[in-house]
Amino acid sequence: MDGGGGAVTSPANGPEPVLITGAAPSYEKQFAARKRKYVIMMCCRIPCLILAGVTYHIWWLALLFLAISVPLPWVAVLIANDRPPRKAEKVNRYRREATAIESTSHRVIDG
């Protein structure tokens with residue numbers, strides 16, 4: 001998504017609604033994408049461990065596959081827990097202009 005905008009020039013062909021705002025994806029969609037990334041990274045670890053076992057007679061290659069597979073769970077958890085940053089919203093606040101103190105004398109009534 002490019003975050004742009006513009007006029008819809010043709011009607012939608014599918015049952016999905018047309019996204020016309022710059023709103024972030026829902027929490028469920030973000031969570032599903034993060035789970036998918038985690039599963040993909042953990043599935044990459046299994047072949048690395050198998051290849052390390054298959055190539056045990058070439059010690060440096062087995063060590064390479066093992067070295068790749070060891071930090072994968074840690075990296076997968078970091079990526080899966082990484083949520084997109086929240087949008088910085090600028091608050092539109094009223095700021096009045098500073099006025100000078102009046103120098104004219106006013107009548108004071110003491111009670």
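All values below were derived from every heavy atom in this structure, side-chain atoms included, with hydrogens, water molecules and symmetry-related copies excluded. Sequence positions, counted from 1, serve as the residue numbers for this chain.
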Practice task
Tell me who clusters with Phe31, hydrophobic residues only, linked when side chains sit under 4.5 Å apart either directly or through other members.
Solution key: Tyr27
Fill in the blank from the handout: Interatomic distance, CG@Asp82 vs NZ@Lys37, rounded to 0.5 Å, equals 7.5 Å
Handout entry: Euclidean distance, Leu66 CG relative to Leu61 CG, rounded to 0.5 Å
Key = 11.5 Å
Practice task
Please identify each residue that fulfils side-chain contact (heavy atoms from CB on, under 4.5 Å) with Val77, with sequence neighbours left out.
Solution key: Tyr38, Asn81
Completion exercise
Sorted by chain and number, sequence neighbours left out, side-chain contact (heavy atoms from CB on, under 4.5 Å) with Pro71 holds for none
Can you give me every donor-acceptor pair (side chain of residues 41-59, partner residue at least two apart or in another chain, under 3.5 Å) with its distance?
unit_1: Arg45; atom_1: NE; unit_2: Ser69; atom_2: O; d: 2.9
unit_1: Thr55; atom_1: OG1; unit_2: Leu51; atom_2: O; d: 2.6

